[in-house]
Amino acid sequence: MAVREWKWANDTNLNKMEIAKLEKDGLDVIDTIITKYANEGYDSIEGTDMDRFKWAGVYQQRPKDGHFMMRVRIPGGLLNSEQARALAAIAKDYGRDLVDVTTRQAIQFHWLTVQSLPDIFERLAAVGMSSFEACGDCPRTIVGNPLAGIDPNEIMDTRPVVDELEKFFLLNREFSNLPRKYKISVSANIYNTGHAEINDLAFTPAKKVIDGEEVLGFHVWVGGGLSAKPYLAQKLDVFCRPEDVVKVAAGVTTVFRDFGYREKRTHARLKFLLADWGVEKFQEELVKVTGALETQGEDLTKGWNAGYFYGIHEQKQAGVYYAGLSVPVGRMSAEELVELARLADVYGDGTIGACNSQNVLIRNIPSDKVEAFKQESIIVNRFTLQPSTFVGYAVSCTGNEYCNLAIVETKEQMRSLAQYLDDTVDLDAPLRIHMVGCPNSCGQRQIADIGLQGALVKTEQGMVEAFDVHVGGTLGIDARFNKKLKARVKADVLGPFLAQLIGVYKEERMENEEYWKYVERVGIEHIQAQVDRILVTA
């Protein structure tokens, strides 16, 4: 296939990955996997093509012994029971029964081989799904509101908008060679269920009077992202009608594609361009692509739901309910996913919602089926409607069990830590703890009440796992990232350490005071003093 001549092609400062992408588009690896590598095996994979595997939604799995992990796109976090069963079958046949729900509402598999990939691609396509561009320097899975269409707190149903964006960007070679990964969020929920501030491009609910008529639409945010240098997205002076979302999204992505940095991989996200240019210059370039845009109207965001919908709640359709279920640290078996599909069919309309808290929900349950639904054994025993305080609000990345970037194990450590805290600390309010194994922060450490980032410390027995501790993160109207404490705590004493730290919060908090507000009120120096006392007595 002919390679397009991009405007940056003659830049002598391009990094190695950029040069490789000029030689062969990332999307071209999909056909190479099907026609060559699946037949010739793992050892036949060329080095630069291994990097391009990300465009197929596939990464090498630790310890790079021939196995892969895959992400499957779930636009807006919504899938049907047929799709769920297809995913479960893939996990059972090729992925050792493991299914992970990610913080971007995708489904992740492990233990795949290159020989299995063509069949997996076909199975996904047969049910209208894809892993393509779930990773790579391209528009990735579009996140949003898993309650879209039934949400009492949404100003419009965003499912058509998400579908249009998905169809426009997926496998679109105009945007398959971006400077770096690119994440889009769309939500019309007034509690920011799409985590707008940590996405490269986000659409949030807004309204504006235009020609005497009140119009519902979106405000546009650009330049958010986490990793080692996190940035909160900035709001453009733009009001976007629903029918113009694709045009604006294409424009923002075009500006990033043509002006984003391509010299250093660590300095290539859109957030760095925004930080250097500022909003006004970025918008000037955007309008050159899109034409004139409406100026911003009135924000309709009122707060932040961190992706939790536990319990039974009435939808905006009277007499119909949704059920928010807990999936501890987002991990389930193939059999459990099949059971969720059964519940969705028997009690709902066959739709399952994947949440960015790594949990799930079942939609459209008639009132006369609610009580029977509550008594289903998998809900009573595993995916509970009202989980305990810490297990229910624990988030974890993949960790070094499978991820080559992580330096510590996270899934089991977060699960056992949350259980320890539930057994030890009596707290009557949610407290969100996120654990990540490296600075890339797939577990979104920066937005947690308490964020734990993996590290290693030297002891007489050798190097052992430990965690740096960060406190006070939140999104929404008062968005801020959590702040690092001077505390690198060994994994084997992390539970007692956090139990004491949370115990002080419990004693000092004001009535109904959320943890991030407590941190803001008392100050990081006050909390550091607590930490110092705890560490001395540990």
Side-chain angles (χ1 to χ4, degrees), residues 72 74-85 87-88 99-107 141-154 157-159 162 185-195 304-317 319-332 336-367 369-388 391-395 430 432:
V72 179
I74 314 288
L78 293 175
L79 68 159
N80 61 46
S81 58
E82 180 188 19
Q83 292 171 329
R85 290 187 179 92
L87 293 171
V99 179
D100 284 342
V101 182
T102 77
T103 54
R104 290 192 62 78
Q105 299 171 286
I107 293 296
T141 301
I142 300 165
V143 300
N145 180 10
L147 294 178
I150 66 170
D151 189 354
N153 294 311
E154 68 180 1
D157 182 356
T158 51
R159 288 176 295 179
V162 171
S185 163
V186 180
S187 174
N189 175 286
I190 63 174
Y191 296 107
N192 191 26
T193 57
H195 293 13
W304 182 42
N305 178 329
Y308 295 96
F309 306 94
Y310 294 141
I312 303 287
H313 304 276
E314 190 169 22
Q315 301 175 182
K316 66 182 179 183
Q317 297 86 2
V320 187
Y321 297 79
Y322 70 87
L325 307 176
S326 170
V327 181
V329 295
R331 177 156 290 178
M332 69 179 81
E336 287 169 337
L337 183 53
V338 170
E339 183 65 3
L340 286 175
R342 184 188 71 82
L343 293 179
D345 283 337
V346 171
Y347 296 97
D349 67 345
T351 305
I352 299 170
C355 310
N356 46 23
S357 56
Q358 300 182 314
N359 296 299
V360 299
L361 52 86
I362 305 295
R363 301 161 41 118
N364 291 299
I365 305 173
S367 57
K369 292 187 176 182
V370 168
E371 289 306 315
F373 178 86
K374 291 179 180 178
Q375 301 307 313
E376 284 282 349
S377 61
I378 193 171
I379 294 172
V380 173
N381 299 315
R382 177 81 167 104
F383 298 144
T384 59
L385 290 160
Q386 297 296 339
S388 51
V391 168
Y393 294 86
V395 169
R432 299 171 296 106

Using side-chain heavy atoms (C-beta onward) and a distance below 4.5 Å, is [X] in contact with [Y]?
X	Y	value
Val143	His195	no
Ile362	Ile352	yes
Arg382	Glu339	no
Thr141	Thr102	no

Lys369 meets the salt bridge (charged side-chain N to carboxylate O under 4.0 Å, His left out) criterion, sequence neighbours left out, with none
Heavy-atom pair with the smallest gap, counting every atom of [X] and [Y]:
X	Y	result
Cys355	Phe309	SG-CD1, 3.8 Å
Ser81	Asp345	OG-OD1, 2.8 Å
Gln315	Tyr321	OE1-O, 3.0 Å
Leu87	Leu79	CD1-CD1, 3.7 Å
Ala306	Asn356	O-OD1, 3.8 Å
Leu361	Pro146	CD1-O, 3.8 Å

Inset, instruction - For Asn145 and Asp151, test the side chains for any donor-to-acceptor distance below 3.5 angstrom and give the result as yes or no. - result: yes
Main chain of [Y], side chain of [X]: is a donor-acceptor contact present, judged purely on distance under 3.5 Å?
X	Y	value
Thr158	Ala148	no
Glu154	Ala188	no
Asn189	Ser187	no
Gln83	Asn80	yes
Gln358	Val327	no

From [X] [atom1] over to [Y] [atom2], what is the distance, rounded to the nearest 0.5 angstrom?
X	Y	atom1	atom2	answer
Ile150	Glu314	CD1	CD	11.5 Å
Ile312	Ile365	CD1	CD1	5.0 Å
Asn364	Gln317	CG	CD	6.0 Å
Tyr322	Thr351	OH	OG1	15.0 Å
Leu325	Leu343	CG	CG	7.5 Å
Leu78	Leu147	CG	CG	8.5 Å

Exactly one candidate in Ile107, Ile74, Val329 meets side-chain contact (heavy atoms from CB on, under 4.5 Å) with Val101; the answer is Ile107
Residue of the set Tyr393, Tyr310, Tyr308 for which side-chain contact (heavy atoms from CB on, under 4.5 Å) holds with Pro430: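 Among the candidates, only Tyr393 passes.
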Practice item. Walk me through it: do Phe383 and Glu336 pass the test side-chain contact (heavy atoms from CB on, under 4.5 Å)? Key: CA-CA 9 Å; Phe383 298 144; Glu336 287 169 337; 3.8 Å; yes
Ion pair present between Glu82 and Arg85, side-chain N to carboxylate O less than 4.0 angstrom?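 Judged by the 4.0 Å cut-off on N to carboxylate O distance, Glu82 and Arg85 do not form a salt bridge.
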(request) Would you sort out whether Thr384 and Ile379 count as a side-chain contact (heavy atoms from CB on, under 4.5 Å), showing the intermediate values? (result) CA-CA 5 Å; Thr384 59; Ile379 294 172; 5.7 Å; no
